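Nothing here was measured: the structure is a model prediction, and the numbers come from that model. Keep in mind that the numbers below use all heavy atoms, side chains included, and drop hydrogens, waters and symmetry copies.
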There are 2 protein chains.
Amino acid sequence: MDKQDRRRRPTISDVAAAAGVSPKTVSRVINNEPGVRAELADQVLEVISKLGFRRNTMASSLRSGRQTATIGLIIEDLANPFYSTIAAAVANVARTHDTQLITVSSEEDPDLEQRQFLQLCQRRVDGMIIVPAGSDHSYTRSEVEMGMRMVFLDRPPSGILADSVVIDNAAGARAGIMSLLEDGHRRIGVVIDSPIIYTARERLAGVRSALADAGIPYDDALVEVGVTNPDEAAHAIATMLDGVDPPTAFFTGNNRSTIGAIQELYRRDSDAALLGFDDFELATLMPRPLTVIAYDVQELGRAAALRLFERIGGDTSWPSETVIPTHLVQRGVQLLKS
Amino acid sequence: MDKQDRRRRPTISDVAAAAGVSPKTVSRVINNEPGVRAELADQVLEVISKLGFRRNTMASSLRSGRQTATIGLIIEDLANPFYSTIAAAVANVARTHDTQLITVSSEEDPDLEQRQFLQLCQRRVDGMIIVPAGSDHSYTRSEVEMGMRMVFLDRPPSGILADSVVIDNAAGARAGIMSLLEDGHRRIGVVIDSPIIYTARERLAGVRSALADAGIPYDDALVEVGVTNPDEAAHAIATMLDGVDPPTAFFTGNNRSTIGAIQELYRRDSDAALLGFDDFELATLMPRPLTVIAYDVQELGRAAALRLFERIGGDTSWPSETVIPTHLVQRGVQLLKS
DNA sequence: GGCTCATAAGACAACGTTGTCAACGACGGG
DNA sequence: CCCGTCGTTGACAACGTTGTCTTATGAGCC
C-alpha cells in the first residue's frame with residue numbers, strides 16, 4: 001500500500017490470464033452461460049474472488065446493447081415528504097427488477113428539468129418517471145421515438161402522448177366540499193396554489209362543481225389563489241376571518257397550506273371547520289380537528305413504476321392514465337382521547 | 001413512424017457521415033476541443049441537433065477512463081424524512097459537480113447493503129456515501145484499495161479506515177439531560193433503541209455521563225432499551241408512569257419514540273417533561289410542550305457530500321471525522337400563543 | 001477405422017467513444 | 001524556392017465486454 005496505493009482494477013483479461021483461459025470463458029462464467037466445464041468454472045471463480053474482479057457494467061451494457069438496469073426519476077424536491085415517499089416506492093419496485101434508481105430534482109425549474117432529462121437519456125436509462133415542472137414536454141418526443149420509456153406522475157404530460165398516473169383531484173375535492181356542505185357550511189374559504197398548476201386547477205374545479213351542485217354562488221372574496229407556503233396560507237385565512245361575514249369552514253389545497261391554516265386557526269381558537277387536500281405524517285397529533293382528503297402516495301409511485309416496467313418489458317399498448325382514488329379522513333389529536 | 005417506430009439512436013459515426021467529416025471531428029465538437037474551424041463546428045452542431053444525437057455516456061467514460069459523474073448513496077429507507085433530507089442535501093451538492101446520484105435502500109439489512117455496494121462498484125460510481133446498516137465494513141476494503149472513495153454517514157465505519165460525518169450524540173444527550181436536571185428533575189425515564197446501534201449507544205452514554213456528574217444513580221427500571229417505533233415507546237412510557245415513584249421527565253432517543261411519548265403523555269394529560277433526540281417537521285404543532293435535541297440534518301448530508309467530492313477531487317489526506325453539533329430547542333404548539 | 005456430432009474453448013470483431021499520431025495544405029523565414 | 005511550423009483533419013487503435021463463428025477434442029455409431 002506504500003508504493004502502489006491505487007491498484008488498477010482487474011479486467012476480464014486479467015482474470016483470464018491468471019486462470020490460464022480465454023477472456024470469453026471468463027465472460028461465460030460470470031454470465032452463467034452454459035458450455036464451461038464445472039471444474040474450470042470453479043477455477044475461474046476462484047481467481048475472480050482472489051483478484052476482486054467486478055464486471056464493468058458500462059462496458060457490458062455497451063457491448064451487449066441490453067438494458068442498463070437503471071431508471072431515472074425526476075421530481076421537484078427530494079426533501080419534500082410527498083416526493084421522497086414516491087421515490088421510495090419507485091425504488092422498491094425497481095429493486096424487484098434488479099434495477100437501480102437515479103433520482104434528480106428539477107427544483108420546479110422547467111429548464112433544469114429538461115437538462116436533467118437529457119442527461120438521463122445520455123446515460124441510456126431504461127426508462128424515466130417524471131413529475132413535470134414544465135408545461136410543455138414535446139422536447140421529449142424525439143427521445144421517446146428512439147425508445148425512451150416515460151411515465152408521467154402526478155400531472156399528465158402535454159405535447160406528447162405517454163402513460164400517466166394521477167390523483168383523482170377533482171373528485172376528491174368535490175367529495176370533501178360536499179361533506180362540508182352536508183354539515184351545514186355555506187361560506188367556505190378556499191386557499192389554493194396557482195391554477196397554472198394542474199393539481200390546483202383540478203382541485204379548484206372539484207370545489208366549484210360541488211358548490212354549483214348545491215346552488216351556492218362562487219364568491220371570489222372567499223378564494224385565495226397562488227398560495228404556496230404555510231405563512232401565505234395563514235395570512236389568507238386571517239384576512240378572510242377578519243372580513244365581513246367570515247367563512248365557517250376552510251378548504252386548503254395542499255398540506256403546506258393546511259399547516260398554515262392550522263397555525264392560524266389554533267392561534268385564534270377558531271372553531272371553523274378545516275378540510276385539507278393531502279394527508280400528512282403527524283396529522284393525528286394536530287392540536288385541532290381537521291378532515292383531510294387522503295390518498296395512497298406510495299401507491300402513486302408504485303403504480304407509475306409498475307407501468308414503466310411493463311413498458312420496459314415490451315408493452316406497446318396505447319398510453320394509459322391511471323387514477324388513484326381519494327377518501328376523507330378525520331384527523332387531529334382530540335381523537336386520541338375518545 | 002409506422003413501419004419503424006423505434007429508430008436507432010444515432011451515433012457519432014452517423015453524425016460524421018451526415019456532416020461529411022470524420023467521427024473524431026464530431027467528438028472534438030461535442031467536447032469543445034480546440035482545433036476545429038468554427039464554421040465546420042457549426043455545421044456539425046446543426047447535424048447533431050437535426051439527428052437528435054446524444055453522446056453515450058457509458059461509451060464515453062469507458063473509453064476516456066474519466067469519472068462517470070455518478071455517486072452512490074446507501075441509506076436505510078428513503079421514505080424516512082431523516083434520510084430523504086440527507087439524500088436531498090447530497091443531491092444538491094452533487095448537482096454543483098454535474099454529478100447524478102444513485103440512491104439505494106439497504107432496508108437495514110447488512111447483506112443487502114453489501115450487495116448494493118458491490119453493484120454500485122460495478123457501475124464505477126466515482127464515490128459513495130453510506131449510512132451503515134451492518135457493523136463490519138471490511139468487505140469494502142478491496143474496493144477502496146482499487147480507488148473507490150467512501151464517506152460514512154451518521155455512524156462511523158468499522159473494519160476500515162474512512163471519512164465519516166456523525167452527530168455529536170453523546171454531548172447532545174448529555175446537554176439535554178443536564179437541562180432537565182437543572183429544572184429539578186431527579187427521576188428521568190429513558191426510552192431508547194437497542195445499544196447495538198451506534199447512535200443509541202452514544203446517546204445513552206451521554207445520559208449516563210450527565211446523571212453520574214449529578215450524582216444520581218442509574219436506575220435500570222427507568223431505562224427501556226430496544227424501542228424502535230412509536231407504539232413501543234408509548235407502551236414503555238405508560239409502564240413507567242404506572243410504576244411506583246414514576247418519572248417526572250422522559251428522554252426519548254429518537255423522533256419516532258418522541259412521537260409515541262407525545263401520544264401517551266397527551267392521552268394521560270401528563271405534565272411530565274419531555275426531551276427528545278431529533279427535531280422533526282411539525283414539532284411546533286405538537287399538542288404539548290417538549291424540548292428537542294436538534295441538529296442540522298441537511299448539514300449532515302452536505303458535509304458528507306463535500307468530503308466525498310474533496311476525495312474525488314484528489315484529496316489523499318488522512319481520513320477525517322466531522323462532528324455535527326446539536327442544540328436544545330423548545331417545541332410545542334403552546335408557543336404559538338405566547 | 002472412418003464417420004458424424006455434440007461439447008468445450010478460443011479467436012475475432014464490434015458496441016460508441018476518444019487518445020495518439022500521422023497527413024495535409026498554408027504560411028513565413030532563410 | 002525549400003523547409004520547418006502551425007492549424008486542421010482524419011486514420012487507427014483501444015477502453016472492457018460479449019456475440020458469432022471457428023477450432024479442437026472425444027464419444028458414439030456403422
- Note on the structure: From CD1 of I12(A) across to P of dC15(D) the rounded distance in Å is 14 Å
- Task: Verify whether the ring centers belonging to F117(A) and H137(A) lie closer than 6.0 Å.
- Result: no
- Could one point to a donor on the side chain of R124(A) or the base of dG16(C) with an acceptor on the other under 3.5 Å away? no
- Please answer whether the main-chain N or O of G134(B) pairs with a side-chain N or O of E113(B) as donor and acceptor at a distance below 3.5 Å. yes
- Message: Is S60(B) close enough to dT18(C) that one of its side-chain N or O atoms is under 4.0 Å from OP1 or OP2 there?
- Response: yes
- Value in whole Å for how far the P atom of dT17(C) lies from CZ of R55(B): 8 Å
- Atom-to-atom span, CD of E33(B) to P of dT18(C) - whole angstrom: 8 Å
- Message: So, does T25(B) get its side chain near the phosphate of dG10(D), meaning an N or O under 4.0 Å from OP1 or OP2?
- Response: yes
- Task: Mind calculating the distance between CZ (R28(A)) and C1' (dG16(D)) to the nearest angstrom?
- Result: 17 Å
- Whole-Å gap separating P (dA14(C)) and CG (L62(B)): 17 Å
- Report the distance from atom CZ of R8(B) to atom C1' of dG16(C), rounded to the nearest whole Å. 10 Å
- Is the base of dG16(C) touched by the side chain of R9(B) through a donor-acceptor pair closer than 3.5 angstrom? no
- Send over the distance from R37(B) CZ to dG7(D) C1', rounded to a whole Å. 11 Å
- Value for CG (L306(B)) from CG (D163(B)), rounded to nearest 0.5 Å, stands at 12.0 Å
- N56(B) atom CG is separated from dC15(D) atom P, nearest whole Å, by 18 Å
- Task: Select base, sugar-phosphate, or nothing to describe what G65(B) touches, counting heavy atoms under 4.0 Å on all strands.
- Result: nothing
- State plainly whether the residues D315(A) and R307(A) are in salt-bridge range, i.e. N to O under 4.0 Å. yes
- Taking atom types as they are modelled, is there a donor-acceptor pair under 3.5 Å from the base of dT17(C) to the side chain of R63(B)? no
